[in-house]
Amino acid sequence: MREKISKNLIKQLLKAFIYEEKTLVAFQYNCYRQLPGDFEKEELERAKKILDIIIVQSLNHANILSELIINFYAQKTAKKF
């Protein structure tokens, strides 16, 4: 029973990680694509900074998920030995 829960947990964490990464790339692509071509330089720099902050936050979320997966595997492996 516990082994099944562990496998399901890993699958859910992996799905969350993949979703976070795909969402990040799609969001970045759409935002840059939808920027109008007639931005002033200052406006473009502000928009770029905002998008960069959002991307960094999303990468942090993906990093948290990957750390959970790594720690879970490490604990599981240590128990086998």
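Reckoned from all heavy atoms, side chains included, excluding hydrogens, waters and symmetry mates.
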Enquirer: Please identify each residue that fulfils side-chain contact (heavy atoms from CB on, under 4.5 Å) with Ile18, with sequence neighbours left out.
Expert: Lys22
Enquirer: Output every pair passing salt bridge (Lys or Arg N to Asp or Glu O under 4.0 Å) with a member in residues 52-73, not counting sequence neighbours, ordered by first then second residue.
Expert: Lys48-Asp52
Enquirer: Measuring from atom CD of Gln12 to atom NZ of Lys15, what distance do you get when rounded to the nearest 0.5 angstrom?
Expert: 7.5 Å
Enquirer: What residues, two or more places apart in sequence or in another chain, satisfy side-chain contact (heavy atoms from CB on, under 4.5 Å) together with Glu43?
Expert: Phe39, Glu40, Arg46
Enquirer: For Tyr19, what residues pass the side-chain contact (heavy atoms from CB on, under 4.5 Å) criterion, not counting sequence neighbours?
Expert: Thr23
